[in-house]
Amino acid sequence: MDMSAEEVKQFWRGFCQRQKIAADVIAKGEAIIDKDPDYWADQTMSDLLDSISGKKPG
């Protein structure tokens, strides 16, 4: 199932809200999603968080 960039970002925002993630990290994640939404639609939001924190390449 294909997801739009906005759908991936909505999922990301929900994940961040549940995890109490800071607004600046949310914005960084949204910028990364915008660069390649198809890739991030197939990844976990934990992978995206790890990418932002430098634990994994993104």
Interatomic distance, CD1@I52 vs CG@D24, rounded to 0.5 Å, equals 9.0 Å

query = Within a reach of under 6.0 Å around CZ of F15, are more than 12 heavy atoms found that belong to other residues, nucleotides or ligands?
reply = yes

In short, L49 meets I21 closest at the heavy-atom pair CD2-CD1, 4.0 Å

So SG of C16 and NZ of K9: to nearest 0.5 Å the spacing works out to 13.0 Å

Heavy-atom closest pair (D38 atom, M3 atom, distance to 0.1 Å) is OD1-O, 4.4 Å

Interatomic distance, CE@M45 vs CG@D50, rounded to 0.5 Å, equals 11.5 Å

Shortest non-hydrogen pair, I33 vs A5, comes out as CG2-O, 4.0 Å

Rounded to the nearest 0.5 Å, the CD atom of Q10 sits from the CD atom of E30 at a distance of 10.0 Å

*Below 4.5 Å, heavy atoms only, C-beta onward: do Q17 and I26 meet side chain to side chain?*
no

Smallest heavy-atom separation, W40 atom then D47 atom, equals CZ3-C, 4.0 Å

Closest non-hydrogen contact found for W12 with G29 is NE1-CA, 3.7 Å

